[in-house]
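Below is one structure, written out as structure tokens; comments come after it.
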Number of protein chains: 2
Amino acid sequence: MARRAPRHAEAERNDQALLEAAKKVLAVDGAHASVATIAARAGVGIASLYRRYRSKDELFQHLCALSLDQWIQAAERGLRHDDPWEGLAHYISACIEFSGGSLGPLAGTIAVTDEMAAKFTRSDELMHDLVARAHAAGALRSDATAMDISLLIEQVGKSPLIEQLDRQGRTDLIDAAHNARKRTIAIALDGLRSGHPRLPGTAPTPALLAERWEHSPTDSTRSPGRS
Amino acid sequence: MARRAPRHAEAERNDQALLEAAKKVLAVDGAHASVATIAARAGVGIASLYRRYRSKDELFQHLCALSLDQWIQAAERGLRHDDPWEGLAHYISACIEFSGGSLGPLAGTIAVTDEMAAKFTRSDELMHDLVARAHAAGALRSDATAMDISLLIEQVGKSPLIEQLDRQGRTDLIDAAHNARKRTIAIALDGLRSGHPRLPGTAPTPALLAERWEHSPTDSTRSPGRS
DNA sequence: TCCAAACGAAGCGAATTTATCCGTTTGGAG
DNA sequence: CTCCAAACGGATAAATTCGCTTCGTTTGGA
């Protein structure tokens, strides 16, 4: 292209930095994270954010789509494992560690785009396969459903301790906190294996996770390319 | 008492309502819960809040002290159990369910009063006894420390799903969400029993939980009675 | 050398937040 | 029944924070 990209490379780098910063700030500040904080953390001006996304919501929607891609990838990788249990265990660990509880706080605050809905469906299907395989192999306790596991992932993904240390900038303790959470994950995984007494209550219905994203379903299906 | 309490009963009721509302709103809105929201939820005017607490922080400090009392009570009740494991399990369940993750978000945002520090120490001691007893009985896996359990309680106490449903007023789904969390707790408890492979990494140090409350240690040791 | 594309940050109006002030209600003593 | 201090609730002041726009400056390839 002839005269079309004087500082294109910098723009690309900034876009990447923005997404990473948004994820981090969202995890730390929750749903009320401000665009100023995000831009500052990315080391760019606020205008650079609004040049790529028409609004704060659109940035968050794009971020959700990217995170859903990661979930899908993790599930696919899990399914490629020979050992059904190892595949599921790695999927759970991966989801907890990379999502960092970023998307939970967003639920109900942004509209669900068609793109997000499609990816959510796909992710859900893959995960059900993963769970079914572990059930069939007898590795996963038979009374634990995919919903139980989804909730567990979300529950452990959002770590109050790590978020607070992040907020206070205690970088010296963050490694220790991550190590501690790895142990919590290991405990939960051990609890998911076969050979335990029956779980209490009834299995949670899928509606619990599906309905929480319900919002005002506006259109918004724009891809976040440049203007 | 002669002429000293025209509407004393109502004041007492309001005080109770305020504390309950503050706990709920804190769990739902996080550390940036506003006094207006709290007063509205309690069904009282803002002035009634400031008549009993000189500031928002003082209300939160009082709330922390009360929650610590609950933790202490739960530990004492656990220690009275004949079965060491049952005692520990009930303690964990109770802490998760009544605290509702209210205090986590406060960590680092309010000053620690002497009263809070003393109760924290007491609670810590009791919990160590509880864990030591379960270890001695061989019911609790030997590589799980009191710190692991404290972190697990905090981790599961703060439930993103329940908080969001609360925020959206989906009272129809809240029961289902609580049932689902009970199952998560059961999974974690199963993972804490003896007979599992060794936990990864090294045991987390007590500093992780202690230092997070560090703040500007002002004085503030006033009891929240009337003016 | 040139200039469009991309940049950072000050600034704007709207919306919140903490805390105070003040007119009104209330319930028991006399 | 009368009275009045204690307790009430909500309007409001003052300061902050928010999402977003506007604008003057920098940059790098043709």
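Small disclaimer: the values here were computed from a predicted structure and weren't measured.
D/dA30 and C/dT1 make up a base pair, with Watson-Crick or G-U wobble contacts both under 3.5 Å. With a cut-off of 3.5 Å on both Watson-Crick or G-U wobble distances, the partner of D/dA7 is given as C/dT24.
B/E58 has its CD atom 14 Å from the C1' atom of C/dA19, to the nearest Å. A straight line from CG of A/N14 to C1' of C/dC7 spans 8 Å, rounded to a whole angstrom. Atom CZ of A/R51 and atom P of D/dC23 are 14 Å apart (whole Å). We find that NE2 of A/H32 is positioned 8 Å from P of D/dC18, with the value rounded to whole Å. Rounding to whole angstrom units, CD of residue B/E10 and P of C/dG28 are separated by 11 Å. Distance B/R52 CZ to C/dA19 P: 16 Å, rounded to the nearest Å. Atom CG of A/L49 and atom P of D/dT21 are 12 Å apart (whole Å). Rounding to whole angstrom units, CG of residue B/L59 and P of C/dT18 are separated by 11 Å.
Contact of the A/L151 side chain with the B/R181 side chain is not registered, since no non-hydrogen atoms from C-beta on lie closer than 4.5 Å. Looking at A/R212 and A/E154, their side chains come closer than 4.5 Å, going by heavy atoms from C-beta outward. For the pair A/C64/A/T113, no side-chain contact is recorded, criterion being any heavy-atom separation below 4.5 Å from C-beta on.
With hydrogens and angles left out, the side-chain atoms of A/E20 and A/Q16 include no donor and acceptor closer than 3.5 Å.
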Run the side-chain hydrogen bond (donor to acceptor under 3.5 Å, both in side chains) test on B/D124 and B/T121 for me, step by step, so that the C-alpha distance in whole Å, both residues' side-chain angles and the decisive distance to 0.1 Å come before the verdict.
CA-CA 5 Å; B/D124 215 39; B/T121 302; over 6 Å; no

Is there a salt bridge (Lys or Arg N to Asp or Glu O under 4.0 Å) between B/E115 and B/K119 once you walk through the steps?
CA-CA 6 Å; B/E115 183 189 15; B/K119 291 187 173 174; 3.4 Å; yes

Using the rule given for side-chain contact (heavy atoms from CB on, under 4.5 Å), can you reason through B/L103 versus B/W71, listing the C-alpha separation, both sets of side-chain angles and the distance that settles it, and then say yes or no?
CA-CA 12 Å; B/L103 298 112; B/W71 285 357; 4.3 Å; yes

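Looking at every heavy atom in both residues, A/S150 comes nearest to A/M127 through OG-SD, 3.4 Å. Between A/Y91 and A/I153, the closest heavy-atom pair is CE2-CD1, 4.0 Å.
Position along DNA chain D of the nearest nucleotide to A/Y50 versus B/A11 favours B/A11 as the more 5'-ward residue.
Listed by residue number, the members of residues 38-47 of chain B with any heavy atom below 4.0 angstrom from DNA chain C are B/I46, B/A47.
The side chain of A/S48 lies closest to C/dC7 when the candidates are C/dC7, D/dG19, C/dT17. Among the nucleotides D/dC18, D/dC20, C/dA19, the one closest to any side-chain atom of A/S55 is D/dC20.
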Under 3.5 Å between N/O atoms: give me all the protein pairs with nucleotides 24-26 of chain D, atom names plus distance.
from   : atom 1 : to   : atom 2 : distance (Å)
D/dT26 : O2     : A/R7 : NH1    : 2.8

